[in-house]
Amino acid sequence: MPNMIRPATLDDIAQIASVFIEARTKCLAFLNWDYDHAVMCEVMPKKMAGNQTLVTESEGQVVGFIIFNPTEIEDLYVCPDFHGQGIGHRLLLSALQDAGDEVRLWVFQENRQARAFYERNGFEMEFETDGQDNMEKAPDARYLYRRK
């Protein structure tokens with residue numbers, strides 16, 4: 001069972017990049033995207049700058065993380081081997097505790113698992129796009145969470 005959720009440190013960057021690559025490679029194969037670990041280790045600190053980042057570990061290894069600010073969930077990824085254990089749910093709840101009254105996020109339209117996850121956790125779809133404005137050029141959807 002993964003450990004408690006904690007704030008990420010710069011020492012976690014390589015493991016966060018690994019989780020990102022593994023989750024996207026296995027769960028978002030439709031993107032047909034090639035990830036370079038060294039590049040992702042440079043990208044992650046930039047994504048984390050100005051945001052909060054939380055991680056959860058299992059046996060000393062980061063197995064999930066969330067990058068967020070009071071109005072936006074930037075990234076939420078869990079290693080596929082740890083799906084179905086409530087890790088993503090706990091990370092999301094931790095982020096929403098520190099969030100504002102409205103929180104938004106993007107998800108790829110084809111990522112049905114993530115869409116169902118966010119809908120189960122109170123997010124509602126606002127709109128969909130053709131994806132021409134995102135880096136992957138893949139159709140996506142904008143979701144909104146409103147604090148009740």
Side-chain angles (χ1 to χ4, degrees), residues 2 5-96 98-99 102-146:
I5 293 169
R6 65 169 175 80
T9 68
L10 291 179
D11 291 338
D12 296 317
I13 297 296
Q15 290 185 54
I16 289 170
S18 293
V19 171
F20 179 88
I21 291 168
E22 182 180 351
R24 285 181 66 116
T25 300
K26 290 182 179 175
C27 301
L28 304 177
F30 60 87
L31 291 178
N32 196 24
W33 198 265
D34 208 8
Y35 301 97
D36 180 289
H37 191 263
V39 170
M40 291 312 303
C41 286
E42 292 175 14
V43 169
M44 282 301 162
K46 294 172 188 168
K47 291 178 117 212
M48 293 164 64
N51 292 307
Q52 294 183 59
T53 304
L54 302 174
V55 298
T56 190
E57 299 176 316
S58 178
E59 298 178 12
Q61 293 293 308
V62 172
V63 297
F65 72 93
I66 188 167
I67 301 173
F68 65 99
N69 61 56
T71 62
E72 186 92 15
I73 304 294
E74 298 288 339
D75 287 295
L76 171 55
Y77 289 97
V78 175
C79 288
D81 290 346
F82 290 86
H83 283 187
Q85 297 182 27
I87 296 168
H89 177 74
R90 289 192 304 275
L91 285 166
L92 182 60
L93 287 180
S94 293
L96 291 175
D98 294 331
E102 292 188 349
V103 179
R104 289 177 169 80
L105 59 84
W106 288 99
V107 63
F108 294 108
Q109 289 181 31
E110 197 170 331
N111 190 351
R112 288 173 179 71
Q113 181 181 6
R115 292 180 78 166
F117 168 79
Y118 290 120
E119 289 168 8
R120 280 192 312 273
N121 283 284
F123 283 78
E124 296 179 0
M125 188 183 63
E126 286 188 290
F127 59 89
E128 296 178 320
T129 79
D130 62 7
Q132 292 310 301
D133 291 334
N134 67 42
M135 187 172 69
E136 296 85 354
K137 303 298 182 211
D140 54 9
R142 185 72 164 169
Y143 275 78
L144 167 67
Y145 172 87
R146 284 192 176 102

Chemist: Does the pair Lys46/Glu42 count as a salt bridge with the N-to-O cut at 4.0 Å?
Modeler: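 No, this pair does not count.
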
Chemist: What's the spacing between Ile67 CD1 and Ile16 CD1 if we round to 0.5 Å?
Modeler: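 Interatomic distance, Ile67 CD1 to Ile16 CD1, rounded to 0.5 Å: 6.5 Å.
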
Chemist: If you look at every heavy atom in Leu54 and Ala95, which pair is closest and at what distance?
Modeler: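 Scanning both residues, the minimum pair turns out to be CD1-N, 4.4 Å.
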
Chemist: Would you call Leu93 and Arg90 a side-chain contact if the rule is heavy atoms closer than 4.5 Å?
Modeler: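 Of all side-chain heavy-atom pairs linking Arg90 with Leu93, none is under 4.5 Å.
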
Chemist: Side chain of Gln52, backbone of Ile66: donor and acceptor closer than 3.5 Å?
Modeler: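 Absent.
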
Chemist: Hey, what do you get for CG (Leu10) to SG (Cys41), rounding to the nearest 0.5 Å?
Modeler: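 Separation between the atoms: 11.5 Å.
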
Chemist: Contact between Pro139 and Glu110 at the side-chain level, heavy atoms closer than 4.5 Å - yes or no?
Modeler: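 No - every pair of side-chain heavy atoms lies 4.5 Å or more apart.
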
Chemist: Which heavy atom of Met48 sits nearest a heavy atom of Ala8, and at what distance?
Modeler: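 Shortest heavy-atom separation between Met48 and Ala8 comes out as CE-CB, 4.0 Å.
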
Chemist: What are the two closest non-hydrogen atoms of Gly64 and Leu91, and how far apart are they?
Modeler: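 That closest heavy-atom pairing would be C-CD1, 3.8 Å.
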
Chemist: Could you give the distance from CG (Asp140) to CH2 (Trp106), rounded to the nearest 0.5 Å?
Modeler: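 The CH2 atom of Trp106 is 5.0 Å from CG of Asp140, to the nearest 0.5 Å.
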
Chemist: Whether the side chain of Lys137 engages the backbone of Gly131 through a donor-acceptor N/O pair (distance < 3.5 Å, no angle test) should be reported.
Modeler: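 Not confirmed, Lys137 side chain does not pair with Gly131 backbone.
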
Chemist: Might you point out which heavy atoms bring Ala99 and Val103 nearest each other, and give the distance in Å?
Modeler: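 For Ala99 versus Val103, the nearest heavy atoms are CB-CG2, 3.3 Å.
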
Chemist: Can you pull the ring pair (Phe, Tyr, Trp, His ring centres under 6.0 Å) pairs that have at least one residue in residues 48-68, sequence neighbours excluded?
Modeler: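 Passing the test, one end in residues 48-68: Phe65-Tyr77.
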
Chemist: Which atoms form the tightest heavy-atom contact between Arg6 and Glu57, and what is the distance?
Modeler: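 Shortest heavy-atom separation between Arg6 and Glu57 comes out as NH2-OE2, 2.9 Å.
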
Chemist: Taking Phe117 as the fixed residue, which of Val78, Leu92, Val107 is the one that meets the side chain to side chain contact (heavy atoms under 4.5 Å, CB included) rule?
Modeler: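 Of the listed options, the one satisfying the test is Leu92.
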
Chemist: Could you walk me through whether Val63 and Thr56 pass the side chain to side chain contact (heavy atoms under 4.5 Å, CB included) check?
Modeler: CA-CA 6 Å; Val63 297; Thr56 190; 4.0 Å; yes

Chemist: Salt bridge or not for Glu72 and Lys47, using N-O below 4.0 Å?
Modeler: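 No, this pair does not count.
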
Chemist: Looking at Thr129, is its backbone amide N or carbonyl O close enough to the side chain of Arg142 to form a donor-acceptor pair, meaning the two atoms are under 3.5 Å apart?
Modeler: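 Answer holds: no.
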
Chemist: So does Glu126 pair up with Arg104, basic N to acidic O under 4.0 Å?
Modeler: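 Salt bridge present between Glu126 and Arg104.
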
Chemist: Please step through side chain to side chain contact (heavy atoms under 4.5 Å, CB included) for the pair Gln61 and Cys79, ending with a clear verdict.
Modeler: CA-CA 11 Å; Gln61 293 293 308; Cys79 288; over 6 Å; no

Chemist: Taking atom CD of Glu128 and atom CZ of Arg115, what is their separation to the nearest 0.5 Å?
Modeler: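 Rounded to the nearest 0.5 Å, the CD-CZ separation comes out at 4.5 Å.
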
Chemist: To the nearest 0.5 Å, tell me how far Glu124 CD sits from Glu119 CD.
Modeler: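 One finds 9.0 Å between CD of Glu124 and CD of Glu119.
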
Chemist: Taking all non-hydrogen atoms of both residues into account, name the closest pair between Ile21 and Thr25 and its distance.
Modeler: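 Closest heavy-atom pair between Ile21 and Thr25: O-OG1, 2.7 Å.
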
Chemist: In terms of relative ring orientation, are Tyr143 and Tyr118 parallel, tilted or perpendicular, with 30° and 60° separating the classes?
Modeler: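 Tyr143 vs Tyr118 ring planes: tilted.
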
Chemist: How long is the gap from CG on Leu105 to CZ on Phe123, to the nearest 0.5 Å?
Modeler: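 That separation rounds to 4.5 Å.
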
Chemist: Please check: side-chain N/O of Glu136 versus main-chain N/O of Leu31, any donor-acceptor pairing under 3.5 Å?
Modeler: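 The answer is no, because no donor-acceptor pair under 3.5 Å joins these two groups.
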
Chemist: Under 3.5 Å, side chain of His37 to main-chain N/O of Ala14, donor-acceptor pair present?
Modeler: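 Pair found, side chain donor or acceptor close to backbone of Ala14.
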
